[in-house]
Amino acid sequence: MHKNNARFLQNPEAYLRSTAIECYNIKADALKTAMTKVGESSTSTTVNSILEFDLVPQTGNYVSLVILGAIGAYAATKRKGQPIVAAWMPYLGQISNPDESKIGRINLTTVPAQVKFVFSAGLGGCNFVAQQDGVSKILYHEPTAAAWQGANPNYNGRLLIKAGPAYRDDHNEVGGFGMAMRHGGGWRLLFQLVNGVTVVDVTHFDIP
């Protein structure tokens, strides 16, 4: 909408550097509605559907990344342009102990080759954690671990990378939106660092 999708698709990292993205940080119930609409459970640790997304401008100079529906949903609207097609990695909220079975994840190895992006709800103090489990690369949306007292979930496989938006609390800068995208023959993680709705920096980390 308003060419935001086209700008994002042309150069995702440049778009992240210019525009703060909110993704179901504000209206949590909207995510449950969207998941139900595409036949997925909002409480499942995985989502199998490939979805269409739209970047919707909001008052206050930021955009919301929203799920329109399954493939074909965009064409059924009066929107011009094209949707952003992506997979979804669930975020299930904070848990009281480091329990791997309750953490949202996606198997990057099974994402169809034509799908270039993996989206998830906006980050607060969360991290993305990639594990090599046999032939599969599993990416987790790990909740804020402040209550875990230094413990880590007993993830399956071998740690590849743990990365987040790199807080700088002394500058009132916090993590915003995070995503994964195909890069070269693998995947790259990208994170916005924001001060309010101003993008301060974008960090990226390649999954080995």
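Note that the coordinates shown come from a computational prediction; the quantities given were computed from them, not determined experimentally.
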*Asks:* Compare all side-chain heavy atoms of Met181 with those of Val118 and state whether any distance is below 4.5 angstrom.
*Replies:*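 SC-SC contact between Met181 and Val118 ruled out.
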
*Asks:* Answer with yes or no whether the hydrophobic clustering places Ile138 together with Leu159; edges join I, L, V, M, F, W, Y residues whose side-chain heavy atoms lie under 4.5 Å apart.
*Replies:*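 Looking at the clustering, Leu159 is in the same group as Ile138.
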
*Asks:* Could you tell me the separation between the CG atom of Asp206 and the CG atom of Leu189, rounded to the nearest 0.5 Å?
*Replies:*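 That separation rounds to 8.0 Å.
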
*Asks:* Starting from Leu55, can I reach Leu31 by hopping between I/L/V/M/F/W/Y residues whose side chains sit under 4.5 Å apart?
*Replies:*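 Cluster IDs for Leu31 and Leu55 match.
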
*Asks:* Would you check if the side chain of Gln131 reaches a backbone N or O of Leu139 as a donor-acceptor pair within less than 3.5 Å?
*Replies:*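 No, the answer is negative, given that no donor and acceptor are paired below the 3.5 Å cut-off.
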
*Asks:* Rounded at 0.5 Å granularity, tell me how far CD in Glu40 sits from CE in Met35.
*Replies:*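 Here the rounded value is 6.5 Å.
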
*Asks:* Before you tell me yes or no, could you show the steps for Leu51 and Val38 under side chain to side chain contact (heavy atoms under 4.5 Å, CB included), namely the whole-Å CA-CA distance, both residues' side-chain angles and the distance that decides it to 0.1 Å?
*Replies:* CA-CA 8 Å; Leu51 304 172; Val38 298; 3.8 Å; yes

*Asks:* Taking atom types as modelled and ignoring hydrogens, do the side chains of Gln132 and Lys137 form a donor-acceptor contact shorter than 3.5 angstrom?
*Replies:*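 Side chains of Gln132 and Lys137: pair found under 3.5 Å.
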
*Asks:* What's the verdict on side chain to side chain contact (heavy atoms under 4.5 Å, CB included) for Gln94 and Thr144, showing C-alpha distance, side-chain angles and the deciding distance?
*Replies:* CA-CA 7 Å; Gln94 183 59 41; Thr144 306; 3.5 Å; yes

*Asks:* Do Tyr62 and Ile21 come within less than 4.5 Å of each other through their side chains, counting heavy atoms only?
*Replies:*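 Tyr62 vs Ile21: side chains apart.
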
*Asks:* Rounded to the nearest 0.5 Å, what separation is found between the OH atom of Tyr24 and the OG atom of Ser64?
*Replies:*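 Going from OH on Tyr24 over to OG on Ser64, the span is 9.0 Å.
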
*Asks:* Of the non-hydrogen atoms in Val85 and Val115, which two are nearest, and what is the gap between them?
*Replies:*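 Residues Val85 and Val115, closest heavy atoms: O-CG1, 4.3 Å.
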
*Asks:* Quick one: does any side-chain atom of Tyr15 pair with a main-chain N or O of Asn5 as donor and acceptor, under 3.5 Å?
*Replies:*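 Between the backbone of Asn5 and the side chain of Tyr15 there is no qualifying donor-acceptor contact (under 3.5 Å).
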
*Asks:* Judged by atom type as modelled, is there a donor-acceptor pair below 3.5 Å linking the side chain of Thr198 to the main-chain atoms of Val194?
*Replies:*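 Checked: no pair found.
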
*Asks:* What heavy-atom pair brings Pro112 and Ile50 nearest, and what distance separates the two atoms?
*Replies:*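 Scanning both residues, the minimum pair turns out to be CD-CD1, 3.9 Å.
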
*Asks:* Hey, can you tell me if His141 and Phe128 have their rings parallel, tilted or perpendicular (30° and 60° cut-offs)?
*Replies:*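 The arrangement is perpendicular - the two ring planes meet at more than 60°.
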
*Asks:* If the threshold is 4.0 Å, N to carboxylate O, is there a salt bridge linking Asp201 and Arg17?
*Replies:*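 Yes.
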
*Asks:* Please answer whether the main-chain N or O of Val56 pairs with a side-chain N or O of Asp54 as donor and acceptor at a distance below 3.5 Å.
*Replies:*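 Checking the backbone N and O of Val56 against the side chain of Asp54, no donor-acceptor pair under 3.5 Å is found.
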
*Asks:* Is the closest side-chain heavy-atom distance between Arg105 and Thr46 below 4.5 Å?
*Replies:*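 Yes, side chains in contact.
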
*Asks:* Between the side chain of Lys37 and the main-chain N/O of Leu68, is any donor-acceptor distance below 3.5 Å?
*Replies:*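 A pair under 3.5 Å: yes.
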
*Asks:* Following the transitive rule for hydrophobic clusters with a side-chain heavy-atom cut-off under 4.5 Å over Ile, Leu, Val, Met, Phe, Trp and Tyr, establish whether Val129 and Trp88 coincide in one cluster.
*Replies:*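 Unlinked, Val129 and Trp88 end up in two clusters.
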
*Asks:* Are the side chains of Phe53 and Val66 in touch, meaning some heavy atoms are under 4.5 Å apart?
*Replies:*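 Counting from C-beta outward, Phe53 and Val66 never come under 4.5 Å.
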
*Asks:* How long is the gap from CZ on Arg188 to CE on Met179, to the nearest 0.5 Å?
*Replies:*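 The distance works out to 10.5 Å.
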
*Asks:* Is the shortest side-chain heavy-atom distance between Phe177 and Leu190 below 4.5 Å?
*Replies:*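 Phe177 does not reach Leu190 side chain to side chain.
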
*Asks:* Taking all atoms of both residues into account, what is the closest heavy-atom pair of Pro12 and Phe117, and its distance?
*Replies:*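 Heavy atoms only, the tightest pair is CG-CE2, 3.7 Å.
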
*Asks:* Between the main-chain N or O of Thr43 and the side-chain N or O of Ser41, is there a donor-acceptor pair closer than 3.5 Å?
*Replies:*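 Present.
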
*Asks:* Could you measure the distance from the CG atom of Leu65 to the CG atom of Asn25? Nearest 0.5 Å is fine.
*Replies:*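 Answer for the CG-CG pair, Leu65 versus Asn25, is 10.5 Å.
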
*Asks:* Before we go on, tell me: are the rings of Tyr155 and Tyr140 under 6.0 Å apart, centre to centre?
*Replies:*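 That pair passes the under 6.0 Å test.
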
*Asks:* Going through the distances and angles, do Glu52 and Ile84 end up as a side chain to side chain contact (heavy atoms under 4.5 Å, CB included)?
*Replies:* CA-CA 6 Å; Glu52 291 187 348; Ile84 302 169; over 6 Å; no

*Asks:* Quick one, Tyr91 and Pro143 - any side-chain contact, counting heavy atoms below 4.5 Å?
*Replies:*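 Yes, side chains in contact.
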
*Asks:* Can you tell me how far the CE atom of Met89 sits from the CZ atom of Phe119, to the nearest 0.5 Å?
*Replies:*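 Between atom CE of Met89 and atom CZ of Phe119 there are 11.5 Å.
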
*Asks:* Within the distance-only criterion (no hydrogens, no angle test), does the side chain of Thr45 pair as donor or acceptor with the backbone N or O of Ile103 below 3.5 angstrom?
*Replies:*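 Looks like no, no N/O pair under 3.5 Å.
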
*Asks:* If we ignore hydrogens and angles and just use 3.5 Å, is the side chain of Asp99 paired with the main-chain N or O of Ser101 as donor and acceptor?
*Replies:*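 Pair found, side chain donor or acceptor close to backbone of Ser101.
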
*Asks:* Which heavy atom of Trp148 sits nearest a heavy atom of Asn97, and at what distance?
*Replies:*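 Scanning both residues, the minimum pair turns out to be NE1-C, 3.3 Å.
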
*Asks:* Kindly check if the number of other-residue, nucleotide or ligand heavy atoms within 6.0 Å of CG (Asn154) is above 12?
*Replies:*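 No, not enclosed.
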
*Asks:* Okay, side chain of Gln192, backbone of Thr19: is any donor-acceptor separation there less than 3.5 Å?
*Replies:*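 Checked: pair present.
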
*Asks:* Donor-acceptor check, side chain of Glu100 to backbone of Asn156, threshold 3.5 angstrom: yes or no?
*Replies:*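 No, Glu100 side chain to Asn156 backbone: no donor-acceptor pair under 3.5 Å.
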
*Asks:* Is Gln114 atom CD crowded by more than 12 heavy atoms from other residues, nucleotides or ligands, each under 6.0 Å away?
*Replies:*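 Yes - once you tally the heavy atoms of other residues, nucleotides and ligands closer than 6.0 Å, there are more than 12.
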
*Asks:* Can you confirm whether Asn11 is buried at CG, in the sense that more than 12 heavy atoms of other residues, nucleotides or ligands lie under 6.0 Å from that atom?
*Replies:*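 Atom CG in Asn11 is packed in, count exceeds 12.
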
*Asks:* If you define the side chain from C-beta out and look only at heavy atoms, does anything of Asn152 sit under 4.5 Å from Pro98?
*Replies:*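 No, their side chains stay 4.5 Å or more apart.
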
*Asks:* So which heavy atom on Val199 is nearest to which on Val202, and how close?
*Replies:*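 Closest approach of Val199 to Val202: CG1-CG2, 4.1 Å.
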
*Asks:* Which atom pair, heavy atoms only, marks the closest approach of Arg182 to Val111?
*Replies:*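 For Arg182 and Val111, the tightest heavy-atom pair comes out as NH2-O, 2.9 Å.
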
